[in-house]
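One structure below.
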Amino acid sequence: MLVLEKMSEKKKEAFHSFLINYCLLFVTWSGMFRKSFNCDTLFHYAHPEVDILGRCEGGRYLSGLMDYILYQFGLTTADHTGITVFIAVFLLAVSLWLVQFSFREHIKCRSLYQRFAYYAIFALIFSNVLFSESLMFAECSLMFGLGYLFASMGIWFFTRGTYGISFLLFLCAAMEYQVAVAYGAIILSAWIFLHNEYKITARTVMQELICALVTFGAGLLDMLSISLFVKLGVLRAAEKTPGLGNMAEKIGVCIRDFIVLLQNCRGLLPKIWLPLLVMAFACGVTLWKFIKDRNGMAILYYCLLIAAMSVMVYALPLAQAYINPYPRMVWIFYVMQSMALLIALPLLQEGKWRLEIFCYVCCGYLALQVMFCHIIVSNHMLSNALDRTYAMMFYEEVLKYEAKTGIQVEKLGVANDTDAPLSYNNVHYKTDQINERALGMVTNTLVNVVTKRQFEKVPMDETIFQERFAGKNWDYFNAAEQIVFDGDTAYWVIF
């Protein structure tokens with residue numbers, strides 16, 4: 001308390017802003033502050049040096065360097081996932097704080113309703129169901145945290161006209177995770193819109209061009225470096241390579257995906273078009289004000305801004321030769337929603353019922369996102385528990401066999417039955433790698449990590465498969481039917 005009393009008003013405000021940001025993020029993601037995994041986490045745990053090299057091949061040089069240094073000290077992020085997520089949440093809170101201060105001149109909160117709406121809008125950036133996939137890669141959470149922190153620092157310097165430093169920071173962000181540059185571009189586009197008072201002028205166009213060069217220019221430079229290193233033989237070609245590909249087909253995929261996001265965020269929200277309703281509400285409030293003021297230029301600029309932000313959501317997937325818009329890439333859909341709500345906030349007058357409704361919508365929407373984030377995290381922990389349980393049930397059969405025969409099992413061959421799903425049936429909130437199951441995907445690695453024994457990976461014996469497993473489809477674990485031992489080798493078919 002004495003420390004707070006000695007602080008200046010500005011420092012108190014800064015401290016309170018950070019504390020509110022951190023508390024909101026803590027409430028959303030504290031369920032991840034324990035050891036958890038997905039398929040990539042298990043691979044990193046078993047083969048950290050291969051995963052580190054893979055990050056460099058994807059242009060994430062700083063992330064690879066950071067994990068390499070930790071590895072040299074005998075530390076792997078996959079072995080301390082609760083700690084890495086905790087640190088990442090702290091970094092994300094700092095990122096929000098920096099973005100808030102970048103908008104300080106344009107967003108004045110003079111009433112309690114405005115303040116509640118203000119913090120709910122910013123919290124939405126990282127407290128949303130799509131962002132949950134980033135934390136499913138718990139071993140990469142430091143990479144995401146640092147990537148968005150560098151981008152937020154780049155935003156702050158850009159708003160103060162220090163474009164050179166901003167570019168370097170966005171380059172660092174791209175070398176952590178390339179989506180961070182699109183995150184920065186969306187936020188800066190909203191800042192430019194407010195900074196120029198909704199007017200398209202020569203200065204506006206110039207700032208937008210500089211914004212594109214600073215953000216996407218940094219991302220493009222990072223991608224070009226990948227191609228250069230591959231041609232020089234320093235790195236091998238990554239699985240996901242940049243390229244034009246079939247652009248018409250990719251645009252079609254993005255449009256269809258955008259519609260699904262507006263409907264229910266790929267099944268992570270109820271199927272009631274809630275994101276569309278919130279987006280329509282934000283845009284409606286803004287356009288209503290501009291129409292009321294007969295500000296045609298502002299209407300045109302705003303429509304162009306929303307269209308540009310929508311394209312930016314899919315900037316990275318479109319830049320890849322073979323498109324796959326993962327949630328960890330397109331989560332910036334919520335950055336666009338946050339900025340649309342933020343632009344509407346200063347247009348509402350104090351003491352009016354419209355401001356109260358706006359506040360309730362923002363806070364209610366955030367509360368729903370937090371609630372479903374909790375459900376997703378609890379489903380994730382259930383999926384992890386089932387993975388461990390089935391791995392140990394298999395291991396119990398191995399121990400029984402070894403005790404009965406005296407033969408040490410050293411090899412494991414795995415195959416899936418005719419319909420082995422990518423997630424468990426009783427895990428209801430899942431899409432892409434959100435709540436994927438490790439069983440059936442990286443079974444050998446899962447067994448080795450859980451049992452702390454090294455079973456050599458061998459192919460499934462074709463004769464045994466045809467005699468015992470071919471055409472079978474189980475819905476539950478059945479050791480008697482799904483596991484066969486042959487000397488020092490175990491063969492397991494996954495249901």
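These values consider heavy atoms only, across backbone and side chains, with no hydrogens, waters or symmetry-generated copies.
- Remark: the R55 side chain and the S63 side chain contain an N/O donor-acceptor pair separated by less than 3.5 Å.
- The two residues L194 and P346 have their closest heavy-atom pair at CD2-CG, 4.5 Å.
- Taking the six-membered ring where tryptophan is involved, the planes of F26 and F33 are perpendicular, since the angle between them exceeds 60° and thus also 30°.
- For Y22, the OH atom counts as densely surrounded, since its 6.0 Å shell holds more than 12 non-hydrogen atoms of other residues, nucleotides or ligands.
- A donor and an acceptor atom, one from each side chain of S127 and Y334, are nowhere located under 3.5 Å apart.
- Residues S141 and T84 have side chains that bring a donor and an acceptor to within less than 3.5 angstrom of each other.
- Between Y198 and Y302, the distance from one ring center to the other does not fall under 6.0 angstrom.
- Side chains of Y61 and S225: a donor on one and an acceptor on the other come within 3.5 Å.
- Closest approach of S383 to N435, counting heavy atoms only: OG-O, 4.2 Å.
- Geometrically, R328 engages Y326 in a cation-pi contact defined by less than 6.0 Å to the ring centre and at most 45° from the axis.
- Looking at E139 and Y45, their side chains never bring a donor and an acceptor atom within 3.5 Å of each other.
- Residue I121 comes nearest to S338 through the heavy atom pair O-OG, 2.7 Å, listed as atom of the first residue, atom of the second, then distance.
- For the pair D222 and R60, the salt-bridge criterion is not met [side-chain N within less than 4.0 Å of a carboxylate O].
- Under the 4.0 Å criterion applied to side-chain N and carboxylate O atoms, R203 and E208 are not assigned as salt-bridge partners.
- Looking at every heavy atom in both residues, P275 comes nearest to Y365 through CA-OH, 3.6 Å.
- Remark: the T201 side chain and the T204 side chain contain an N/O donor-acceptor pair separated by less than 3.5 Å.
- The backbone N or O of S102 lies less than 3.5 Å from a partner atom in the side chain of W191, making a donor-acceptor pair.
- Residues F90 and F18 bring their aromatic ring centres within 6.0 Å.
- Between the side chain of T215 and the backbone N or O of A185 there is no donor-acceptor pair closer than 3.5 Å.
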